[in-house]
Amino acid sequence: MKLLTLNTHSWVEDKADLKFEQLIEHLMLENYDVITLQEVNQAIASPHISIQPASFIPVKNQAPLRQNNFAYCIVERLKQAGYTYYFSWQLSHIGYEIFEEGNAILAKASFSPKALTVSDRHDITDYRTRVNLVATFDSEKFSVASCHFSWWDTPNTGFASEWQNFCHQTITDKNEWIVCGDFNAPAFETAYQLIMDTNKLEDSYKIAKIREGEATIKQKIDGWEDNTKPLRIDYIFVPKQVEVTRYQRVLDGSHSPIVSDHFGVQITMDL
C-alpha cells in the first residue's frame, strides 16, 4: 500500500493554479492507494455543487460541497486523466475569513467515512474548532485518519485534549489504525511523546527500512510565525508490527515541486 499525507494550504497558496497542476502531476506519477489531505479549502463565495458526484462519499451532517472544493477539483482532474478515486471531505472551520476549511481522504477503494470533532470548541468561525476525518476499509479491518490538530497548549487543552478525544473515538476499537496529517507537534517534543505513549502506533519515519527526508516545514509558516528551524510536524503513524518498506518526503523542491508551505510524506507499507 502506498500512502501520501499533505497539508495542502490549498487555494491560499501563491500561484495556486500552477501548484495545483504540479500536485496533479505528482499524484498521477506516484499513483497512490490512499491520500490524506489537510487544509482542504473551498471559497465561501463559490457556488454549491448542484448534483453530488458519484465519487463523493458523504459523512453524517455533511457540509455542502462547493465548485472549487480543492479535493473535488483534484478528483475531477485525475478522473480526466484516467485515475479513479473515491473521496470524502468535511468542514472543520472557517479559514482566512473567506474559506471553508477541512480534511479530505481520497482512495482507490470505496470506504465508510466518519467525521470526528476532536476539539472542545464547535463553532466553525473559530479556527480552534477541529474536525478530523476517518475512512474505514475492507469490512472494517483497518481505518485511515486525516488529521489536523492544534498546537501544544497545556496538558489539558489544545493538542493534548484533542488527541485524547481522538483516541477515545478511534484507537480504542479493534481496527488497525493509520493516522496521518498535520499534528503541529515537533518530533520528540511533548505532544509527539503523548502520541507515542498510546503504545498502539509506530512513527513510520522511525521504522522505515529506507528513509529519505525529514523536516516537513522549513521555518516560519502560518501558525509557526516565530519558528526559526526545520521541523517534522507532519506524520504517518502506523499499527505496531507493520512493515514500512519506504519513507519518502515529497513535494519538497527536491523529490518533486513545492506546492504548499508543508512538504508531503509518502510511505510504502505492508498491511
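Starting from 1, each residue takes its place in the sequence as its number.
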request  = Identify whether V131 and L106 are in the same connected component of the hydrophobic contact network (ILVMFWY, side-chain heavy atoms under 4.5 Å).
outcome  = no
ask   = About how many Å separate OG1 of T8 and CG of L37, when rounded to the nearest 0.5 Å?
value = 6.0 Å
inquiry  = Under 4.5 Å between side-chain heavy atoms, counting indirect links through other Ile/Leu/Val/Met/Phe/Trp/Tyr residues: same cluster for I24 and I258 or not?
reply    = no
note = Separation between CD1 (I35) and NZ (K108), nearest 0.5 Å, reads 9.0 Å
key: Any donor-acceptor N/O pair, S10 side chain to E39 backbone, under 3.5 Å   = yes
key: Residue pair Q67 / P47, side-chain heavy-atom distance below 4.5 Å   = yes
query = C167 versus T198: any side-chain heavy-atom pair under 4.5 Å?
reply = yes
ask   = Can you tell me if Q266 and Y32 form a side-chain donor-acceptor pair at under 3.5 Å?
value = yes
message = Can you give me the closest heavy-atom contact between N68 and A43, atom names plus distance?
response = OD1-N, 3.0 Å
Distance-only side-chain donor-acceptor flag, T125 / D123, under 3.5 Å = yes
ask   = Closest heavy-atom contact between V259 and E13?
value = O-CG, 3.6 Å
query = Which heavy atom in I94 sits nearest to a heavy atom in E100, and how many Å separate them?
reply = CD1-CG, 3.9 Å
Donor-acceptor pair between Y192 and D203 side chains, under 3.5 angstrom = yes
Ring centers of F237, Y235 separated by less than 6.0 Å = yes
inquiry  = If we check side-chain contact (heavy atoms from CB on, under 4.5 Å) with V265, which of these qualifies: T216, D252, L4, T36?
reply    = T216
Contact summary for P58 and P113, nearest pair of heavy atoms = O-CG, 3.5 Å
request  = Without swapping roles, check the side chain of K2 against the backbone of E30 for a donor-acceptor pair under 3.5 Å.
outcome  = yes
query = Given side chains that start at C-beta, do those of W89 and L91 come closer than 4.5 Å, heavy atoms only?
reply = yes
request  = Using only heavy-atom distances, determine whether the side chains of Q38 and T5 contain a donor-acceptor pair under 3.5 Å.
outcome  = yes
note = Heavy atoms of R66 and Y72 approach each other most closely as O-CD2, 4.3 Å
query = Would you say the side chain of V238 lies within less than 4.5 Å of the side chain of W177, judging by non-hydrogen atoms?
reply = no
Test salt bridge (charged side-chain N to carboxylate O under 4.0 Å, His left out) applied to R128 - qualifying residues, sequence neighbours left out = D126
message = Check for me whether the distance between the ring centres of H9 and F70 falls short of 6.0 Å.
response = no
task = Ignoring hydrogens and angles, tell me if any N or O in the side chain of S256 forms a donor-acceptor pair with the backbone of L251 under 3.5 Å.
result = yes
task = Report yes if the side chains of T157 and D120 come closer than 4.5 Å at any heavy-atom pair, otherwise no.
result = no
request  = State, yes or no, whether a side-chain contact exists between S55 and Y85 at a heavy-atom distance under 4.5 Å.
outcome  = no
inquiry  = Check for me, please, whether V134 and F183 land in the same ILVMFWY cluster - side-chain distances under 4.5 Å, paths through other members count.
reply    = yes
message = I need the minimum non-hydrogen distance between S110 and I57, along with the two atoms involved.
response = OG-CD1, 3.8 Å
request  = Go through the steps for I178 and M1 under the test side-chain contact (heavy atoms from CB on, under 4.5 Å), then give the verdict.
outcome  = CA-CA 12 Å; I178 304 168; M1 179 184 295; 4.3 Å; yes
remark   = Separation between SG (C73) and CG (L78), nearest 0.5 Å, reads 11.0 Å
No-hydrogen, no-angle side-chain donor-acceptor test under 3.5 Å, Q193 and D197 = yes
request  = Measure from NZ or CZ of R232 to the centre of the six-membered ring of Y205 and say whether it is under 6.0 Å with the direction within 45° of the ring axis.
outcome  = yes
key: Gap between atom CD1 of I74 and atom CG of L27 - 0.5 Å precision   = 6.0 Å
task = Find out whether V144 and C180 are in side-chain contact, i.e. whether some heavy atom of one side chain is under 4.5 Å from a heavy atom of the other.
result = yes
task = Could you check if a side-chain atom of R249 sits within less than 4.5 angstrom of a side-chain atom of E212, using non-hydrogen atoms only?
result = no
ask   = Can you say whether the rings of Y127 and W151 are parallel (under 30°), tilted (30 to 60°) or perpendicular (over 60°)?
value = perpendicular
Any donor-acceptor pair under 3.5 Å from N184 side chain to S150 backbone = no
inquiry  = I'd like to know if the side chain of S161 and the backbone of S119 have a donor-acceptor N/O pair within less than 3.5 Å.
reply    = no
